[in-house]
Structure formats: C-alpha cells, structure tokens
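Below is one structure, written out as structure tokens; comments come after it.
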Amino acid sequence: MSLDDITARIRAAAKNADRPVDSVTLIAVSKVQPDARVAAVLDAGHRCFGENRVQEAAGKWPGFREIYKGIDLHLIGPLQSNKVRQAMELFQSIHSVDRPKLARAIARVAQEEGHCPDLFIQVNTGEEDQKAGVLPADTDSFIAECRDLDLPLKGLMCIPPVDEEPSLHFALLAKIAARNGLSGLSMGMSSDFESAIAHGATHVRVGSAIFGARQAG
Ligand SMILES: *Cc1c(COP(=O)(O)O)cnc(C)c1O
C-alpha cells in the first residue's frame, strides 16, 4: 500500500510550486478495488475517496461508514438525472456536473433536502466526442447558469485526452476557473498528479498508484 508515498509526493509537489503542503486534497479512487484494499487505506487513516459509479458506491460505502467515521466521498464519474437523489445522499462532492438538465435536477433536490454536495463542473478540455463535460467555449455561460440556480460551485474538473500532454489541459482548466472566480481544480491522476499540482490542482484523483492495478472488466 503506497498511500504514504503518494502523500509524500503530493506534499513535495506542492512545496515545489510554492504552495502550502495542505492545499491539495488526495481523493483515493477506489472504484473496482477489492474491499480488503479499501479497508487497508481506511485503516491507515485516510478518509477521502472517489468512485465513478453511483451503483457501485451505494453497494460499498454504507457498510464502510458503519465502521469508519468521517468518510468524505466524491463522485468522479457520470451522473444520470434519475440517480441525482441517490448520489446526493451518498456523496459529499460531485465532480461531473456537465449539463443544464443535471444542474436543474440537483438544484431541485437541494431545495427539497436543504443541503447540497460541493459541485465541480466537468470541462471537456480536449473536446473529445466520447467524453463527458462542457466544452471550454460553453463553460463561462454554464457556470453562470449554475450560479443562477444557487448551486454551491466549488470548481472545475477535467480528464485530459490520453494521448496529449496533460499540462496544456491543466493550464486551460486553471485559466477558465480563474476568470470565473472559482478556486477548486479537480485534476491529476496517478500518472500526472505532480504536473496538475504545479498548475494549481486542489483535488487530485489517484487510483492505481495507491491501490495497485484495477482488475480488467
Ligand atoms: C479512474 C479515475 C481516476 C484514477 O485513475 P488512476 O489512473 O488509477 O489514478 C481519476 N479520475 C477519474 C475520473 C477516474 O475515472
């Protein structure tokens, strides 16, 4: 288990960027990992985790929550409008807000329930057809739309294309966030979180580097 290694590397990267060492939150991405590996990371004292499927998280985390206190769960994968209520019960943050219909559904439930998770807007910085997220050119207006709905916007999230230099995408996301007065930047995964931190990441989403490779399928 290399949680300590990753934590040390995050602190070093923050220091190199002249940032406070505690300015970066590590989201341990536990999707598809066996419960024993997740429990080992919980036993080590870590409490912040990411899942990309509502259904999988719903099967896994209520049980852990009976044993471990203070778990902070982040949804980092796509969210269907009909799963909004369930997602808002399970997760403290949602990183995949990417369309007006979803924003309106979240706002409706937030009003009924009187609380709302922290929200990140996913930006499709690579403008990839198969990838979720709002296009960079549409992001300013979507942010304004979410603010009109009184949604608690924390920041922006991106997943760079696999075959491109991620730092260009991190820089673009940081620029869009800055001009909109958003401080949160959810970017950086196992292979590139140090570069993301150099570009201002406040939340890095690291899976395989902590837990080991995910089982295929
Ligand atoms: C799986 C996943 C990660 C973690 O990926 P690793 O390469 O295992 O660190 C990060 N972000 C998202 C959105 C993911 O789906």
Side-chain angles (χ1 to χ4, degrees), residues 1-10 13 24-38 40-41 44 46-61 72-80 83 87 90-99 102 117-134 139 154-167 169-170 172-174 177 184-217:
M1 211 265 299
S2 46
L3 178 68
D4 290 345
D5 294 349
I6 300 302
T7 304
R9 283 171 58 190
I10 287 172
V24 183
T25 298
L26 170 60
I27 301 173
V29 178
S30 49
K31 64 183 184 198
V32 202
Q33 297 290 353
D35 283 356
R37 286 191 192 169
V38 180
V41 172
H46 196 73
R47 289 294 180 268
C48 182
F49 292 84
E51 291 282 347
N52 71 335
R53 290 211 170 87
V54 177
Q55 223 50 52
E56 185 185 338
K60 182 156 138 193
W61 285 98
D72 177 26
L73 210 53
H74 295 247
L75 177 63
I76 60 169
L79 177 56
Q80 296 167 300
K83 294 227 171 81
L90 264 175
F91 294 96
Q92 283 63 60
S93 299
I94 296 174
H95 293 236
S96 50
V97 182
D98 65 353
R99 58 196 191 278
L102 178 59
D118 288 335
L119 302 177
F120 292 77
I121 290 173
Q122 183 173 353
V123 183
N124 185 358
T125 56
E127 307 192 20
E128 296 172 280
D129 288 336
Q130 80 283 8
K131 202 164 271 176
V134 283
T139 306
K154 179 124 182 167
L156 304 179
M157 176 270 222
C158 76
I159 308 171
V162 284
D163 53 355
E164 286 182 29
E165 172 54 44
S167 60
H169 296 271
F170 299 152
L172 173 60
L173 197 73
L185 286 170
S186 167
M187 56 190 197
M189 316 196 338
S190 289
S191 58
D192 55 21
F193 66 87
E194 282 147 326
S195 159
I197 290 168
H199 286 88
T202 58
H203 294 70
V204 293
R205 310 177 309 265
V206 180
S208 42
I210 294 172
F211 293 101
R214 287 179 287 273
Q215 300 297 91

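All figures in this text were calculated on a predicted structure; none of them were measured in a lab. Residue numbers count from 1 along this sequence. Counting starts at 1 for both ligands and their atoms, following the listed order.
Without hydrogens or angle criteria, Thr202 side chain to Leu185 main chain gives a donor-acceptor distance under 3.5 Å. With hydrogens and angles ignored, the 3.5 Å screen pairs no side-chain donor or acceptor of Gln122 with any backbone N or O of Ile159.
Annotation: salt bridge (charged side-chain N to carboxylate O under 4.0 Å, His left out) contacts involving residues 120-134, sequence neighbours excluded, comprise Glu128-Lys131.
Residues passing the side-chain hydrogen bond (donor to acceptor under 3.5 Å, both in side chains) test with Ser30 are Glu51, sequence neighbours excluded. Residues meeting the side-chain hydrogen bond (donor to acceptor under 3.5 Å, both in side chains) test with Ser186, sequence neighbours left out: His95, Arg205.
Aromatic ring centroids of His203 and Phe120 lie under 6.0 Å apart.
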Do any nitrogen or oxygen atoms of ligand 1 lie under 3.5 Å from a protein nitrogen or oxygen, and which ones?
from: ligand 1; atom 1: 8 (O); to: Ser208; atom 2: N; distance (Å): 2.8
from: ligand 1; atom 1: 8 (O); to: Ser208; atom 2: OG; distance (Å): 2.8
from: ligand 1; atom 1: 8 (O); to: Arg214; atom 2: NH1; distance (Å): 2.8
from: ligand 1; atom 1: 8 (O); to: Arg214; atom 2: NH2; distance (Å): 3.2
from: ligand 1; atom 1: 9 (O); to: Ser190; atom 2: N; distance (Å): 3.0
from: ligand 1; atom 1: 9 (O); to: Ser190; atom 2: OG; distance (Å): 2.5
from: ligand 1; atom 1: 9 (O); to: Gly207; atom 2: N; distance (Å): 2.8
from: ligand 1; atom 1: 11 (N); to: Arg205; atom 2: NE; distance (Å): 2.9
from: ligand 1; atom 1: 15 (O); to: Lys31; atom 2: NZ; distance (Å): 2.7

